[in-house]
Structure formats: C-alpha cells, structure tokens
Amino acid sequence: MAKLSLKKLTKSYGKVEVLHGIDLDVDDGEFVVFVGPSGCGKSTSLRMIAGLEEITSGEIWIGDRKVNDLEPKDRDIAMVFQNYAIYPHMSVRKNIAFGLWNAPLSKAEKAARIEEVARILDMSELLERKPSQLSGGQRQRVAIGRAMVRNPAVFLFDEPLSNLDAQLRTQMRLEIKKLHQQVGNTIIFVTHDQVEAMTLADRIVIMKDGHIQQVGTPEDVFHAPANTFVAQFIGAPSMNMLKVTGAGDEISLSSGVKMQPGRQTQTGRPLLLGVRPDDLSVDDQNPIVTGKVVVREPLGSETLIYVSGPQGEIVAKVPGKSGVKVGDEVKLGATPEALHFFDTETGDALV
Amino acid sequence: MTAVSDTSELPSVKAETVLSARSRKPANLGQILRWLLLFLGGLLMIAPITYMISTSLKWPHEIYNVNLIPEEPTIENYTYVLEDGRFYLWFINSIIIAVITTVSNLFFDSLVGYTLCKFRFPGRYIVFIAILSTLMIPTEMLVIPWYMMSQSFGWLDSYWGIMFPGLMTAFGTFLMKQFFESVPDDFLEAARIDGLNEFQIWWKIAMPLVKPALAALAIFVFLGNWTAFLWPLIVTNSVEMYTVPVGLSGFGDEVDVAWELIMTGAAISTLPTLVVFLIFQRFIIRGVVMAGLKG
C-alpha cells in the first residue's frame, strides 16, 4: 500500500499533446475513479502509471519512489484489463500464479496465496478450469485474482466492467467495493460510466480533453460541480441549463420570469442557471419554468417528465406516483440552494 | 453465455442449415456440376497415390500396364528396399534434416515474425519488406550461390550444407507475423506487468496462442524438406548423404529405371508425412486465441 502522486504529467503522440499536465495526489488506501468521455486521457493516464505508456514529461511517484523509468513489473502495481486478458491456454490456477511470477516465495507459499485469493473471490472450485469454461463475470474475477495475488501497492482497473451485462456489472461493482474495504489497497479505477464512478469512488477525478476538470468526493462533484461540463456529466439525466441574466439580488429568465436566487448577481451579466432534474418540484409557488409535459418516462419509483416551455425543454424527476400526465401544465421550481450558476463563456461555476 | 456453449452450438447450427438446404431444394444442374467437379478433383488427388501403391506391388514386367490391381501382387519390392541398407540411411538423413529444419523454422520464423509484429522500432518496415522480397527469388536462381557458399565454407556433402538454406524462411516469417497480429496486446501487457521478460512473454504467452499457425507451419516445412530434391541432389555427392528423394531417383541402372522400387520407396516415405500431419492437425483449431478475452 502506498500513496500515488502524479506531477505535471503530460503525454504527446508526435506533436499532438493528449494529456496536459496532470497533477494528482492519491492517499494510501484511497479508491480513486478516473471518469470522462472517450478520448479524455483517463486510460492513457492509467497506462502511464502502469508503465505501459512512456511518460512525455512530468513525474509519477508510488510511495517514496519515482517510477518514471521503472519497468511495469518493478512498480509494485497490478492491473485488470477491460477484456480481462487472462491467458486462454492456462488453467485459472496457473493464470493467478502468473501474478506471482517474480515473487520471492516458495512453491508452498505461492500455492497458499492462490488458495487464499480464490477463497476471497469465491472461486476455489474453478481453479482447475480453463478460461473458455468460465462465464464473463468469472473471467473478470480471475483477472482480479491475478492482480490481487500480488498484493500490490496500487491496483489499476481499466474499465473492467464494460464488457459485462448490466446486472453482472452492478454485482461486480459491489464486489469490487467490498474487496477494497477488505484489502484496503490503493485503487485507481478508470471508467466512462458516471454511475460506476459515483458508487465506487472515495474521490472522483473528472477528465476532459486531457485536463482534469474536478477532483472531489462523489458528493462534491454532484452538489458543487466546478463547471458546466462536470455538472452535466455527473448525474442522470443531466443537469438542466437555462440562460439567465443577473440583476442584483434577482435574475431574469429569457421567458421573462424573475426570481430571487438568494445571492447577488451582477446586473446585466448573462449567466447559466443549472438545476438538477431531481431538485425540481411540480406546482411550485415560485416556479422557474412553466410549460407542458411533452414526454413522460416512468422508471417505477420515479418518473421523468420532459417539460416544454418558452425557455426550451427541461427535464424533471418526480415521484413515481405523482400522477403527472402528458399534456399537463406544470410549474417547476426549486429551492435556492439547489440552483447552480455558471459563467456563460468559461463555463466555470460562480460561488 | 459461456464460451463452452458458444463453441458447441456452432457446428450443430451449421449441420442444420446444411441439412435443411439439402432437403428443401432438389439438386439442380449447377449443383450436379459442382459435385462432379469435386469428384474429379478428388480422383485427381488420389490417382497418383493409388498408382504409386499399385506399382509398388507389381513385378518389373508388369509396371507399364496401367491396371490398378496387379496380376500377381507381390511384396518382394518392399523386402528388397527395406533389406537394402542404403534406404535406411537415406530415411534417417531425411528425418534428421526435416526435423531440425522444422524446429528451426518454428523457432526463428516466429521469433522474427513476433518481433516485426509487436515491437515498434525504426526500420521495421524496411526489414519486413526486405524479408518478403526474398520470396520473389526462385530456388533455381539460388542454388548456384548456395553451392558456391557451401563450397567455400566446406559444407558440401554435409547435413549442414543440405539444411542451411531452409533453416529460416521468409514465408514462415510472414505467416507468423500475420498470425501474431491476432494476439491482442493486452495479453502481452498483462504478462509484462506480471513480471515476465520479453523473451518469456513470447515463449510462454504469445507462442501458445498461435499454436494453429505453428502447426500449419510445421506441416509445410516438414513436407517441403521431406520432399526436397533439387538442392539435396546438388549439394550431396556420397550415397551415404543422400536424402530419400535423391536416393530413390538413383534406383535402377544406366539403362533401366526401377520404377517398382522407386514407387515402393516413395510409398514407405509417405508414412512420416502422414504421422506429422496426424500429430499437428489437431492443433489447427480456430478460435483458441479469443477464449481469454471478453465472453
């Protein structure tokens, strides 16, 4: 177990820079999730930590060692790949044993470690099977076992759940979280799925175009997004964005509605008002938006309603039993604390 | 769904479609022609072998009769060839040469193919194209330089002399490079993290994943060297260094070629090729590579 530090990490392919100076400190035993759309540099960062990609500039520290020039095997890391990469010509036992290739252990000690890992992952009875005889979830478990058996300072997961079906993904997500609580190693986990990021992470690193947008706990990034990108990337459905104009302690919407957000805004300044679908309630006394329900998506415990009004279309999440129907006229409002303001040009949050 | 059920379902699905296609449509002219063509092709393949075996069972006076079943079948030829000590020598020479060449090709062709496929280094394409371009030079053009080379190195009339041109082939390198393309880099990277060195990654991870290609290459190289005639004929002088094809061509005397003995020798010498094929064909199974990846 160890800390991990990235210092001004950059990566270029030829003249194209894809990572622009990443700075990050990960605490010992922390579960950090890198999340972002494809091409944001999250996998590249992970592969650089693993030593599978060369570092263009900057430093990577694991514990108190700078690992820039160390081979992957000497970095005290283990990695789980998106498509498992368990060796198809070997039994599960041998696959896991490969994780101990360089470990200075006796045969008996190695065997004991393998048994132990198999027990934790609940696959003792699968040890003699070949990968072709395993299901997708079992294969991913073997891949995790091969990483676990090394007991590395840092675990690296590269979208390990993307190839599983929805139900299995939820199950494995839970298992990985339990596993982390059990073994307590530092984990860096890459995903493009914001639900995975929210549920697993101690801290989330949100990336876009090779830049870190925000680092924070799931609550931080959800309730206090640093900019419009984070605001819209985290949370489903995405945060509604409305164009507004500031006017002292009031703001006015393009529809003409005026409201008191409970804070001061510069008069005449164009702003973006963000409000999460979950924070909107129907039949509000001081509605932000009034309009007609055009689409209704029941999800069981809650229902999504898409409301079309003079300010465009926005989505709200209402209780499943609220009885709102398509065609209904609704007044959507939110408490002042639920409102987020962003600069129109930079997209940065205004505090 | 597991891969087990995937693979077990495939053949049965195929069999069903074939069956239903067969039962639904009566054979049309095109189909009959196709079957006929295949039948003739089959005959064409089997004819020389049948003729070889038939001739090996005939007496000398009968060999120019085209009848398939000998009038007086005899195993005299087999007794003669097997009792003639020279045939054993040639047989052993051929085995030694074919086995060493095959092993050497499997090792070096795949090593070079792997390097060209999985490593990025300057000049990679030039090396690859240089290797490929040697495929365009016919053997007939090469035997004279080979001979001169053997002569100056003192390799004439030796195993080394017979083997050296074929210890590594451009074709094998190309074949293996193409097959290594199908091995996902994730396997190699996983092994790199596990702590294997580059040679171990190639030997322990990549090689087992291209077994089908290795099997195919082994069959090609073994057969090629087992039946090689021109170069062994040129490079060998003494009867003891002959390979089976060179030795067999010498059966008979100045005025007469002993076809029945040549055919007998040929029939016996097909046995090792059969054995090689039976050993390696079971490795030629597709889809082995994918089993370790997503399901």
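Letters A, B, ... mirror the listed sequences (proteins, then strands); counts begin at 1.
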| task | Give, as side chain, backbone, both or neither, the part of I77(A) having an atom under 4.5 angstrom from any heavy atom of chain B. | result | both
| message | Under a 4.5 Å cutoff for heavy-atom pairs, which residue among I205(B), D194(B), L196(B) has the most contacts with chain A? | response | D194(B)
| Rounded distance (nearest 0.5 Å) linking atom OG of S104(B) with atom CG of D109(B) | 7.5 Å
| said: In terms of relative ring orientation, are W160(B) and W155(B) parallel, tilted or perpendicular, with 30° and 60° separating the classes? | reply: perpendicular
| task | Quick one: pull up CZ in R146(A) and CZ in F81(A) and give me the separation to the nearest 0.5 Å. | result | 7.0 Å
| task | Please examine the side chains of Q140(A) and M172(A), heavy atoms only from C-beta on, and report whether any two atoms are closer than 4.5 Å. | result | yes
| query | So which part of R47(A) gets closer than 4.5 Å to some heavy atom of chain B, the side chain, the backbone, both or neither? | reply | side chain
